[in-house]
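Encoded as structure tokens, the structure appears first; notes follow it.
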There are 2 protein chains.
Amino acid sequence: MRLTTKGRYAVTAMLDLALHSHQGPTSLADISKRQEISLSYLEQLFAKLRKHELVSSVRGPGGGYKLSRESESIFIAEIIDAVNETIDATNCHGAGNCHKGDVCLTHHLWSDLSEQIHQFLSGISLADLVERNDIKAVADRQDAQERAQHEQVLAVIN
Amino acid sequence: MRLTTKGRYAVTAMLDLALHSHQGPTSLADISKRQEISLSYLEQLFAKLRKHELVSSVRGPGGGYKLSRESESIFIAEIIDAVNETIDATNCHGAGNCHKGDVCLTHHLWSDLSEQIHQFLSGISLADLVERNDIKAVADRQDAQERAQHEQVLAVIN
DNA sequence: TATATATCCGACTATTTTACTCAGATATTA
DNA sequence: TAATATCTGAGTAAAATAGTCGGATATATA
Ligand code: FES
Ligand code: FES
């Protein structure tokens, strides 16, 4: 089991997509700016998300990515799994053979833990997150910041 | 959040201690043999477990380690925490400041997940594990293997 | 049709962490 | 005093993380 920046970035980016899904495809450059994630790194992550058919892409100007399903049926567990951060907490990856080919002393504990985490994360969809008030607040703040920044850029140009 | 061999080893070793607690202090050499964990690595892990007052040591021949509390009041979460494998799944370690000093889009999700995992792992004591039938079975098998090996060594000597 | 915008793709890299090993000091029992 | 253990610190190979970089390809628009 591991959950690092990679998995967190993937979920953050997917949530950003869900939040801006009404305005056509979202470019990685936009997500990069809003969420402060390196563009090149996002490209790597989205290659994996695309392979797992969680997003689809539109190339060229005005293009970007969009969710390949409705946000109601994309679950957090899938996203984390897609970028290779397994939710499995066992050493044997479920095989039950990590102590001389046999089940080790703590296998059942890790197995139960994995089940617990999996149930939790596969019970939460992107739509669920979009609807949460605490997350709505953060999204609103980020959008306001983005608009303010945009206006400043325009002011500098003129 | 990460759970790797380090944390699994720590829990396995502590459970081994709990299982053999009736027969005085247990040496790391014994745990090393039974659980197939490098002795030097165990020494490192037990230095941390000792600092966190989960075990106490007896030096010299016949010495070893014993649990510093009854197994009923040592919880899995404490053990994992003691060897520096934090259960916290947030990037900000709870501070809520990983996006320009502010709360990021997914903070609340990781916060909830951490709570979930923590509740699960801090609700399980070493005594709980010792009592589980699936774990008893593994422990019995390991003890039988150990006795068989011991007899073989004696046979070779004679 | 040129240009700008975007995704795509592969290779490379610095840093960190993991999972160890090794050498030796120290304490205790017999 | 010899054997058995815990203690301590330093070092290290391999893997994973979190990126960077250079360039190819597709497409909308002027
Ligand atoms: S974790 Fe599955 S057998 Fe050890
Ligand atoms: S994870 Fe806590 S603010 Fe981002």
Side-chain angles (χ1 to χ4, degrees), chain A residues 1-13 17 20 23-33 35-68 80 82-86 88-89 91 93 98, chain B residues 1-13 17 20 23-33 35-68 80 82-86 89 91 98:
Chain A
M1 162 81 208
R2 50 175 190 273
L3 179 57
T4 63
T5 303
K6 200 200 295 185
R8 280 189 294 259
Y9 276 177
V11 174
T12 300
L17 262 194
H20 300 87
Q23 56 203 40
T26 308
S27 74
L28 294 188
D30 284 356
I31 298 179
S32 172
K33 269 179 229 150
Q35 307 305 334
E36 299 206 292
I37 306 174
S38 136
L39 176 58
S40 305
Y41 200 36
L42 275 176
E43 285 174 351
Q44 277 185 45
L45 296 179
F46 273 76
K48 293 183 175 183
L49 294 172
R50 200 168 57 95
K51 267 178 205 128
H52 283 78
E53 299 187 321
L54 293 173
V55 297
S56 58
S57 63
V58 181
R59 298 177 75 159
Y65 287 91
K66 51 187 180 179
L67 301 179
S68 59
I80 294 176
V83 294
N84 299 347
E85 294 216 307
T86 175
D88 189 4
N91 183 40
H93 303 290
C98 83
Chain B
M1 161 79 206
R2 50 175 191 274
L3 179 58
T4 63
T5 304
K6 201 202 291 187
R8 279 190 294 257
Y9 276 177
V11 174
T12 301
L17 264 193
H20 300 89
Q23 55 204 39
T26 307
S27 75
L28 294 188
D30 284 356
I31 298 178
S32 172
K33 271 178 229 150
Q35 307 305 333
E36 299 207 292
I37 307 173
S38 135
L39 176 58
S40 305
Y41 199 36
L42 275 176
E43 286 173 351
Q44 278 184 45
L45 297 179
F46 272 77
K48 293 183 176 183
L49 294 172
R50 200 167 58 94
K51 268 178 203 127
H52 284 77
E53 299 187 321
L54 293 173
V55 296
S56 58
S57 63
V58 180
R59 298 178 75 159
Y65 288 91
K66 50 188 180 179
L67 301 179
S68 60
I80 293 175
V83 294
N84 299 349
E85 294 217 307
T86 175
N91 183 38
C98 83

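The chains referred to below are lettered A, B, ... by the order of the sequence lines, with proteins before strands, and numbering in each begins at 1. Side-chain atoms are counted along with the backbone in the values below, which use heavy atoms only and exclude waters and symmetry mates.
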Please tell me which of the listed nucleotides, C:dT7, C:dA19, C:dT28, lies nearest to the side chain of B:K6? C:dA19

Rounded to whole Å, please give me the gap between CG in A:D30 and C1' in C:dT5. 12 Å

With respect to the phosphate group of C:dT7, does any side-chain polar atom (N or O) of A:R50 fall under 4.0 Å of OP1 or OP2? no

Have a look at B:S40 and say if it touches a base, only the backbone sugar-phosphate, or nothing, with a 4.0 Å heavy-atom cut-off. base

Is any side-chain heavy atom of B:S68 closer than 4.5 Å to a side-chain heavy atom of B:V55? no

Give the C-alpha distance, both sets of side-chain angles, the deciding distance and a yes or no for side-chain contact (heavy atoms from CB on, under 4.5 Å) between B:L45 and B:K6. CA-CA 8 Å; B:L45 297 179; B:K6 201 202 291 187; 3.6 Å; yes

Need to verify one output field. Residue with the more 5' nearest nucleotide on DNA chain D, B:L28 or B:Q44? B:L28

If each of A:Y65 and B:R2 is mapped to the nucleotide of DNA chain C with the nearest heavy atom, which maps nearer the 5' terminus, i.e. the 5' end? A:Y65

Calculate the interatomic distance between A:L17 atom CG and C:dT7 atom P; express it in whole Å. 10 Å

Between C:dA14 (C1') and A:Y41 (OH): distance, integer Å: 14 Å

So, does B:Y9 get its side chain near the phosphate of C:dC20, meaning an N or O under 4.0 Å from OP1 or OP2? yes

Do B:L67 and B:L54 touch side chain to side chain, with heavy atoms closer than 4.5 Å? no

Where chain B begins and ends its contact with DNA chain D, read 5' to 3' at 4.0 Å from heavy atoms: D:dA3 to D:dA10

Ring geometry between A:Y9 and A:Y41 (parallel below 30°, tilted from 30 to 60°, perpendicular above 60°): perpendicular

Below 4.0 angstrom from OP1 or OP2 of C:dC8, is there any side-chain N or O of A:S57? yes

Please give, in whole Å, the distance from C:dA19 P to B:L39 CG? 17 Å

Does atom NZ of B:K33 have more than 12 heavy-atom neighbours from other groups under 6.0 Å away? no

How about CD on A:E43, more than 12 heavy atoms from neighbouring residues, nucleotides or ligands closer than 6.0 Å, or not? yes

Whole-Å distance, A:E43 CD to C:dA6 P, equals 12 Å

Are any non-hydrogen side-chain atoms of A:S56 and A:R50 less than 4.5 angstrom apart? no

Taking for B:R59 and for A:P61 the nucleotide of DNA chain D with the nearest heavy atom, the one nearer the 5' end belongs to B:R59

Base, sugar-phosphate or nothing for B:F46? Non-hydrogen atoms, less than 4.0 Å. nothing

